[in-house]
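Below: the structure, in structure tokens.
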Amino acid sequence: MSKSLQAIRGMNDILPEQTPLWRYFEGTVAGLLDNYGYRQIRMPIVEFTELFKRSIGEVTDIVEKEMYTFEDRNGDSLTLRPEGTAACVRAVLEHGITGGGQVQKLWYIGPMFRHERPQKGRYRQFHQIGVEVFNLDGPDIDAELIVLTWRLWGQLGIRDAVKLELNSLGTSEARGRYRDALVEFLSARLDLLDEDSQRRLKTNPLRILDTKVPETQALLADAPKLEEYLDEESRLHFEGLKARLDAAGIPYVLNPKLVRGLDYYSKTVFEWVTDKLGAQGTVCAGGRYDGLVEQMGGKPTTGVGFAMGIERLILLLETLEQIPESIARQVDVYLCAFGEQAELAGLALSERVRDSVPGLRLQVNAGGGSFKSQFKKADKSGALYALILGDDELEQQVVGFKPLRGQGEQQNIAFDALAEHLAACVVQG
Ligand code: HAM
């Protein structure tokens, strides 16, 4: 196929075979967030480039290398959103819905765009479900966010495959003091640092902590620890969070090297990781960002949130074969009609049935066809039952009801009794 007619590398179609699992996943998360009192917000996919530079940080990988930025016809620099937090903060500020300390517990879903090297679990267009909470500054809400994701993993049947990693970055003052100490320590050992870390030492030194280079990792063993620089407020906050996770029985691992790739975090940061997906193992990540709203021109307003990667969680469900049986079947009943009169009667009958049995997934044969071909289509649809309507049935005002998956014999059902019969067999059964 000519190149221009292919999808862009790293941007995937989600085919009809896959959408039932996506809808199940999205529906499960949406239901859970409803239950915890979170409300959905929808932001545009494109924002002014400046928004992401100011919030995510000029010297992060995302802003330096990964954004889809372009000039529109007005000459404005716009960017396809690489994440949702920045736009959510922009939206709450613009509409004044966090003013006067108003609490907001929000969630969003949608595509995000980052020009990364595509591989399993890492795409250029990917989807997140994110949650952001404003104006609640205690560890109780940090804990709630983790508790609700833990419940979600339970509902999805993937709890045993994910692990919670936790750290505290402290307030920005504490982090500043720590940054100075780290820079001093590493500057004295500059020759031993890998090239990338040498560059980061000038731009974003904390990111050196999550280096993958073994020699740099070894060097860091003796480096000052972030924990030792935590201020009292951050320490108490972190203790409060850990106590709540203990009370809720949620296991976690403290990871002092967890610093995250976006600059806006303070205090709590966390990641849910799995070892079942290879290199792209973080399925959900987030933390607190108490300074971000003010940094973007708002009144001091605390924030905390997370985002989960839908593709990665779908991959995990598939890998662990945690796919509910109910979503495998898309059709309950398939109606075959033979001849014009039967087709007309079939149309009227199926609409009557749909009126009376709203949850029923009834597919009506389209495009005619012989008995054999319609039957083949009925079977292929995955339906539990075929309904058969020909001249003989029409004359008797009955429809043939044939189980396709070995649940009993074929029988005739009167038109008037069909809805009730289907409701009993399919919707309740
Ligand atoms: P993030 O860690 O950049 O955080 O992304 C969150 C999640 O999105 C990741 O853990 C991963 O599951 C998924 N993800 C990220 N990049 C890709 C990719 N290229 N392909 C597939 N999945 C990906 C944020 O975006 C923050 N806004 C989270 C947050 C919300 N923090 C506070 N509030």
Side-chain angles (χ1 to χ4, degrees), residues 55 57 60 85 89 98 101 103 105 131-150 163-186 200 204-211 217 219-273 282 284-295 299-307:
S55 54
T60 55
T85 310
V89 168
T98 52
V103 171
K105 296 167 77 178
V131 172
E132 314 291 352
V133 179
F134 297 96
N135 281 320
L136 287 173
D137 49 16
D140 50 352
I141 192 68
D142 303 24
E144 177 172 285
L145 294 181
I146 291 173
V147 166
L148 77 83
T149 44
W150 176 246
K163 193 177 77 175
L164 175 64
E165 298 198 355
L166 205 59
N167 193 18
S168 174
L169 299 180
T171 55
S172 64
E173 298 79 38
R175 212 164 50 257
R177 281 197 303 278
Y178 173 67
R179 192 185 302 116
D180 293 345
L182 184 68
V183 169
E184 192 184 323
F185 174 88
L186 291 174
R200 284 191 162 149
N204 200 349
L206 256 57
R207 288 290 288 171
I208 299 176
L209 294 181
D210 68 2
T211 177
Q217 280 178 344
L219 199 65
L220 286 168
D222 299 323
K225 303 276 172 290
L226 182 54
E227 203 186 333
E228 293 154 11
Y229 287 77
L230 282 192
D231 49 289
E232 187 64 2
E233 184 195 330
S234 306
R235 213 183 44 73
L236 284 176
H237 188 98
F238 200 37
E239 291 305 319
L241 170 60
K242 287 189 281 184
R244 284 170 175 83
L245 296 180
D246 291 338
I250 299 178
Y252 53 85
V253 181
L254 297 178
N255 178 359
K257 298 198 172 130
L258 182 67
V259 289
R260 312 270 304 120
L262 307 95
D263 276 357
Y264 47 61
Y265 292 109
S266 57
K267 294 186 180 161
T268 311
V269 286
F270 65 91
E271 292 193 352
W272 287 99
V273 294
T282 306
C284 173
R288 195 160 262 289
Y289 47 88
D290 288 346
L292 181 60
V293 175
E294 204 178 348
Q295 187 189 314
K299 298 247 163 54
T301 302
T302 58
V304 58
F306 66 79

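We're numbering straight along the sequence, starting at 1. Since we're looking at a predicted model, the values are computed, not measured.
The two atoms that bring Gly170 and Ser234 nearest to each other are CA-OG, 3.3 Å, heavy atoms only. Tyr289 approaches Gly305 most closely through the heavy-atom pair CE2-N, 3.8 Å. Residues Gly303 and Phe134 come closest through the heavy atom pair CA-CD2, 4.3 Å. Shortest non-hydrogen contact noted between Phe270 and Leu258 is CA-CD2, 3.9 Å. Here the closest heavy-atom approach between residue Thr98 and residue Asn135 is recorded as O-ND2, 2.9 Å.
One distance of note links CG of Leu292 with CD of Glu132; it measures 9.0 Å at 0.5 Å rounding. With rounding to the nearest 0.5 Å, the separation of CG in Leu145 from NZ in Lys105 is 8.5 Å. In this structure, Leu182 CG and Leu226 CG are separated by 9.0 Å, a value rounded to the nearest 0.5 Å. The CG atom of Leu220 sits 6.0 Å away from atom NZ of Lys257, with the distance rounded to the nearest 0.5 Å. Note that the CG atom of Leu206 and the OH atom of Tyr178 stand 6.0 Å from one another [nearest 0.5 Å]. How far CD of Glu233 is from CG of Asp290: 8.0 Å, rounded to the nearest 0.5 Å.
No donor-acceptor distance shorter than 3.5 angstrom exists from the side chain of Thr211 to the backbone of Gln217, with no hydrogens or angles considered. Proximity of a side-chain donor or acceptor of Lys242 to a complementary backbone N or O of Gly240 within less than 3.5 Å is not detected.
At least one side-chain heavy atom of Leu166 sits less than 4.5 Å from a side-chain heavy atom of Leu245. Contact annotation: the side chain of Leu136 never approaches that of Val304 to less than 4.5 Å [non-hydrogen atoms, C-beta and beyond]. In this structure, the side chains of Pro224 and Tyr229 come closer than 4.5 Å at one or more pairs of heavy atoms. Side-chain contact between Cys284 and Glu271 is absent, with no heavy-atom pair separated by less than 4.5 Å.
No hydrogens or angles considered: nothing links the side chains of Asp137 and His237 as a donor-acceptor pair under 3.5 Å. Thr85 and Tyr264 share a side-chain donor-acceptor pair at under 3.5 Å. Looking at Thr149 and Trp272, their side chains do bring a donor and an acceptor atom within 3.5 Å of each other. A side-chain N or O of Arg260 and one of Tyr265 form a donor-acceptor pair less than 3.5 Å apart.
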Audit row: Leu169, Ser266, side-chain contact (heavy atoms from CB on, under 4.5 Å) steps and yes/no: CA-CA 5 Å; Leu169 299 180; Ser266 57; 5.8 Å; no
Could you walk me through whether Arg207 and Val259 satisfy the side-chain contact (heavy atoms from CB on, under 4.5 Å) test, starting with their C-alpha distance in whole Å, then the side-chain angles of each, then the deciding distance to 0.1 Å, before giving a yes or no? CA-CA 7 Å; Arg207 288 290 288 171; Val259 289; 4.3 Å; yes
Begin from the C-alpha positions of Asp142 and Arg288 and carry the test salt bridge (charged side-chain N to carboxylate O under 4.0 Å, His left out) through to its verdict. CA-CA 8 Å; Asp142 303 24; Arg288 195 160 262 289; 2.7 Å; yes
As a quick check of understanding, evaluate side-chain contact (heavy atoms from CB on, under 4.5 Å) for Leu241 and Asp140, giving each step before the final call. CA-CA 7 Å; Leu241 170 60; Asp140 50 352; over 6 Å; no
Under the side-chain contact (heavy atoms from CB on, under 4.5 Å) criterion, do Ile146 and Leu164 qualify, and how do the steps go? CA-CA 9 Å; Ile146 291 173; Leu164 175 64; 3.6 Å; yes
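Applying the side-chain hydrogen bond (donor to acceptor under 3.5 Å, both in side chains) test to residues at least two apart or on different chains, the pairs with a partner in residues 163-176 are Glu165-Asn255, Thr171-Glu173, Thr171-Asp231.
Between Glu232 and Arg235 there is a salt bridge, with a side-chain nitrogen of the basic residue lying less than 4.0 Å from a carboxylate oxygen of the acidic one.
Residue-environment remark: CD (Glu228) exceeds the threshold of 12 foreign heavy atoms within 6.0 Å.
Scored by the salt bridge (Lys or Arg N to Asp or Glu O under 4.0 Å) test, Asp263 finds no partners at all (sequence neighbours excluded).
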